Amino acid sequence: MLTLQVIRREVQGDVVLLTLAHSEGIALPAFRAGAHIDLHLSAELVRPYSLCGDPQDRQHYQLGILKEGRSKGGSLAVHALREGDAIAVSEPRNLFELEEHAAHTLLIGGGIGVTPMLAMAAELHAAGRAFTLHYCARSRAQAAFVPQLERAPYAAQVQLHFSNEQRLDLAAVLTDVPAETHVYVCGPTRLMDAVTEQAQTLGYSSGQIHQECFSAEVQTGGSAFDVVAATSGITVKVLENQTIVEALALAGLKVNVSCKQGICGSCLTDVLEGDVDHRDHYLTDEERADGDQILLCCSRAKCGRLVIDL
């Protein structure tokens, strides 16, 4: 855990841009593009946000956070932060790393999903690697980061797509690139699904397509089942409309959770026995098929008893 200070706060539309630094100017832990940090906004409110600054800058962490219309408290608490405020954050974690041997990299960010792409563009540019960044938004007026992108040293590799001007032509974008191109997409589910579907149609392998969710709708309800936390020696019943995390908390066993949507992986736990009903957006199809891991914030059991290593 680190305690950092908000040294700069800028608002662009519904997005707040925060720059965090150590109050004594101490260098921050290094990160690679695609990483995120958890903001500990209160004792019970922890949220992950992508780092959008230059990975070569060891003095600052930069974040861009959208004020969500249906916020459960996270984005509202972030937007309430002011310059000079101190906040506890985790060290960077990376679930969305760049492929170092890609012949070309396509970065596609929709709305606030462009934030990890900004760090990726900075890292790729510094390494002298070929890439193109496509930023999609409803309109220029609603788009954050446009000034930064237009004055970036890689501005010539940026293409802006606004729904009220010129929409993104996915077929053209995914076709006019070298072989062994890797695609990174982050944004609304419909955009990520469209990019994945089009890329697969054009012959991209699953290993060439990378995506990261910022939010997801999850169904956590289902039949009741028992969970045995083997290491702790605790057995709980997970009710029909209750998550495993909630059931364990009532028994006094607190699980580290952040997004609560099966996205960030903070509650990933090994499964020792039982059949998992995976409802997350974190594990790959191969990892789900293995059946030896579960995201406790959203997934359930297909059987009556699940034994986990907790």
Side-chain angles (χ1 to χ4, degrees), residues 31-40 45-51 65 68 72 74-75 90-99 108-110 112-113 115-117 119-120 182-193 195-197 199-200 205-222 227 229 238 242-249 254-272 274-302 306 308-310:
F31 72 94
R32 295 289 304 276
H36 69 270
I37 57 174
D38 292 335
L39 298 189
H40 290 251
L45 190 59
V46 181
R47 292 290 185 269
Y49 295 105
S50 291
L51 291 164
I65 297 98
E68 297 282 358
K72 297 179 180 178
S75 70
S90 70
E91 292 195 4
R93 291 183 294 154
N94 204 330
L95 310 171
F96 197 40
E97 291 189 18
L98 287 166
E99 169 54 55
I108 303 175
I112 197 62
T115 49
M117 307 304 172
M120 288 181 171
H182 280 248
V183 183
Y184 293 79
V185 59
C186 184
T189 301
R190 64 182 181 278
L191 172 65
M192 294 193 295
D193 289 346
V195 170
T196 299
E197 181 179 349
Q200 290 174 337
S205 69
S206 59
Q208 292 174 268
I209 307 168
H210 315 266
Q211 63 178 22
E212 182 175 59
C213 297
F214 272 3
S215 62
E217 293 294 330
V218 291
Q219 297 294 326
T220 57
V227 168
V238 181
Q242 186 180 47
T243 66
I244 298 176
V245 168
E246 292 168 342
L248 290 172
K254 186 175 181 180
V255 177
N256 179 37
V257 292
S258 183
C259 71
K260 300 182 180 180
Q261 297 174 313
I263 295 172
C264 71
S266 61
C267 62
L268 183 67
T269 304
D270 289 339
V271 174
L272 304 178
D275 194 5
V276 181
D277 179 5
H278 294 287
R279 303 185 182 189
D280 63 274
H281 297 265
Y282 178 81
L283 296 173
T284 65
D285 291 340
E286 292 79 7
E287 289 169 334
R288 291 183 179 192
D290 289 341
D292 57 0
Q293 293 179 304
I294 185 173
L295 272 295
L296 300 179
C297 67
C298 61
S299 295
R300 302 181 68 83
K302 292 181 180 179
L306 195 67
I308 59 176
D309 186 14
L310 193 67

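In this text, all values refer to a predicted model and were calculated from it rather than measured experimentally.
Separation of atoms CD1 (Ile244) and SG (Cys297) is listed at 9.5 Å; rounding is to 0.5 Å. Atom CZ of residue Phe31 and atom CG of residue Leu51 lie 5.0 Å apart, to the nearest 0.5 angstrom. Note that CG of Leu295 and CG of Asp280 are 4.0 Å apart. Values are rounded to the nearest 0.5 Å. Taken from CD1 in Ile37 to CG in Asn94, the straight-line distance is 12.5 Å, to the nearest 0.5 Å. With rounding to the nearest 0.5 angstrom, the CG atom of Leu306 is 11.0 Å from the CZ atom of Arg300. Taking CG of Leu39 as the start and OG of Ser75 as the end, the distance is 11.5 Å to the nearest 0.5 Å.
Smallest separation of non-hydrogen atoms from His36 and Pro48: CD2-CB, 3.6 Å. Here the closest non-hydrogen pair linking Leu98 and Met120 is CD2-SD, 3.8 Å. In this structure, Val276 and Ser299 approach most closely via the heavy-atom pair CG1-CB, 4.4 Å. A pairwise comparison of heavy atoms in Ala247 and Val238 identifies CB-CG2, 3.9 Å as the closest pair. Among all heavy-atom pairs drawn from Leu310 and Leu248, the shortest one is CD2-CD1, 3.9 Å. What you find for Val185 and Phe96 is that their closest heavy atoms are O-CZ, 3.8 Å.
The backbone N or O of Gln293 sits nowhere less than 3.5 Å from a side-chain atom of Asp290 that would complete a donor-acceptor pair. With hydrogens and angles ignored, the 3.5 Å screen pairs a side-chain donor or acceptor of Ser90 with a backbone N or O of Asp38. Arg279 contributes a side-chain N or O that, together with a main-chain N or O of Gly221, makes up a donor-acceptor pair within less than 3.5 Å.
Between His210 and His182, the angle of the ring planes stays under 30°, which puts this pair in the parallel group of the 30/60° scheme.
Within the 4.5 Å cutoff, side-chain heavy atoms of Leu283 are placed close to those of Leu268. In this structure, the side chains of Leu296 and Ile308 come closer than 4.5 Å at one or more pairs of heavy atoms. Between Ile209 and Gln211 there is no side-chain heavy-atom pair separated by less than 4.5 Å. The side-chain heavy atoms of Thr115 and Tyr49, taken from C-beta on, include no pair separated by under 4.5 Å.
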For Tyr184 and Glu212, what are the C-alpha separation, side-chain angles and deciding distance, and is it a side chain to side chain contact (heavy atoms under 4.5 Å, CB included)?
CA-CA 8 Å; Tyr184 293 79; Glu212 182 175 59; over 6 Å; no
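Few gaps surround CD on Glu287; more than 12 heavy atoms of other groups in view lie less than 6.0 Å from it.
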